[in-house]
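Every chain is numbered from 1 and lettered A, B, ... according to where its sequence line falls, protein lines coming before strand lines.
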Protein chains: 2
Amino acid sequence: MNFDKSLLSGSTRLLVLSVLERKDEYGWGIIQQLKERSDDTFDMREGTLYPVLHSLESDGMISSYEQDASAGRTRKYYHITDKGQRELARQKEQWEAFSGGVNRVIGQGAFA
Amino acid sequence: MNFDKSLLSGSTRLLVLSVLERKDEYGWGIIQQLKERSDDTFDMREGTLYPVLHSLESDGMISSYEQDASAGRTRKYYHITDKGQRELARQKEQWEAFSGGVNRVIGQGAFA
DNA sequence: TGACAAACCTCGATGTCCGAGGTATTATGT
DNA sequence: ACATAATACCTCGGACATCGAGGTTTGTCA
């Protein structure tokens, strides 16, 4: 399923931080996890993810380290920082408020 | 509460059509309704609404007519068309899928 | 007369997403 | 041996959405 790409807008940071809250993960893996955890609803593009990862890192929300995978391929793992945890908590609150608001508005249809 | 404005992205059409599903409404009134119906969560700006209204109209999702208010001030009312109803249904589905996906992702935190 | 609210509008700055392109390594199939 | 696909990283530019700031008109109230 593909949405209006703009629906995703603003929630990418929330989504990425949520994945990293669970455990350290590398870019490619984050994309897989999002797909999996959302039951194939999300299919984040690399062109979206990598810039977001870099901006989260430069904001101090996550940190990174390199690590060789089984076959000698190098992966860049990301780890959520304390600051990132606080940011995640804030973004979750915003999401609750926002989605709650949308649900109240659309729930009051023609027959409400 | 003000969000990341970008969270709103992509959902403005859904929100506007939802208001019009109930009854014909004019621009200023739509803003009031959104505020009211969402328990003050949403505060859509005029600079956002008017361009959206014009684009919905040029896409045939809504139609407009002028009508004088009590005091002789003219209001431009918008009415949702059949096409707009179908669009609204589609956008509601997308919203369900999208918000469901986000909830699944953020619900599986560090202790899941 | 002045100030404010209702009601409409446009323009430009900013920020987000992603398609398209690039690089390199390893695995798979023929 | 060779081509293709998958893994894994990256950047750039175009497209699009939001909204702050600005503008206009009419009516109300002191």
query: Among the nucleotides C:dC8, C:dT10, D:dA8, which one has an atom lying closest to any side-chain atom of A:Y50?
result: D:dA8
message: Whether A:T74 contacts D:dC9 is assessed here as follows: a side-chain N or O lying under 4.0 Å from the phosphate OP1 or OP2. Is that the case?
response: no
field: Between D:dG20 (P) and B:I31 (CD1): distance, integer Å
entry: 12 Å
message: On DNA chain C, compare the nucleotides closest to B:G47 and A:G47; which residue's is nearer the 5' end?
response: B:G47
task: Under the side chain to side chain donor-acceptor pair (under 3.5 Å) rule, what do B:E87 and B:Q91 come out as? Steps first, then yes or no, please.
output: CA-CA 6 Å; B:E87 171 72 3; B:Q91 296 225 1; 2.7 Å; yes
message: Can you measure B:D68 atom CG to C:dA7 atom P for me and round it to whole angstrom units?
response: 12 Å
Proximity to the side chain of B:T48 - top-ranked nucleotide from D:dT11, D:dC19, C:dC9: D:dC19
query: Are A:T41 and B:F98 close enough that some pair of their side-chain heavy atoms sits under 4.5 Å apart?
result: no
- prompt: Can a donor-acceptor pair under 3.5 Å be found between the side-chain atoms of B:E46 and the base atoms of C:dC8?
  reply: yes
- prompt: Roughly how many Å is it from CG in A:L14 to P in C:dT16, rounded to a whole number?
  reply: 14 Å
task: List the steps and the verdict of salt bridge (Lys or Arg N to Asp or Glu O under 4.0 Å) for B:D39 and A:R104.
output: CA-CA 8 Å; B:D39 299 335; A:R104 276 196 298 281; 3.0 Å; yes
- request: Mind checking side-chain contact (heavy atoms from CB on, under 4.5 Å) for B:E57 and listing every partner two or more places apart, or none if nothing turns up?
  value: B:I62, B:S64, B:Y78
- prompt: Would you call B:D59 and B:R13 a salt bridge, taking side-chain N to carboxylate O under 4.0 Å as the test?
  reply: yes
- prompt: Just how far, in rounded Å, is P of D:dA5 from CH2 of A:W28?
  reply: 14 Å
- line: Rounded to whole Å, OH of A:Y26 lies from P of D:dT7 at a distance of 8 Å
- prompt: Below 4.0 angstrom from OP1 or OP2 of C:dT16, is there any side-chain N or O of A:T12?
  reply: no
message: Can you identify which nucleotide, out of D:dT18, D:dC9, C:dC18, has its nearest atom closest to the A:R45 side chain?
response: C:dC18
- request: Can you sort out which residues in residues 52-66 of chain A have a heavy atom within less than 4.0 Å of DNA chain D? Ascending by number, please.
  value: A:H54
- request: Rounded to the nearest angstrom, tell me the gap between atom CZ in B:R73 and atom C1' in C:dA5.
  value: 7 Å
message: Counting C-beta onward and ignoring hydrogens, is there a side-chain heavy-atom pair between A:I80 and A:M61 closer than 4.5 Å?
response: no
task: List in chain and number order the residues that pass ring-ring contact (aromatic ring centres under 6.0 Å, His included) with A:Y65, two or more places apart in sequence or in another chain; answer none if no residue qualifies.
output: A:Y77
statement: The nucleotide from D:dC10, C:dC17, C:dC9 with an atom nearest the side chain of A:Y78 is D:dC10
query: Within this structure, what is the CG-to-C1' distance between B:L49 and D:dA21, rounded to whole angstrom?
result: 17 Å
query: Between D:dA6 atom P and A:R75 atom CZ, what is the distance in whole Å?
result: 17 Å
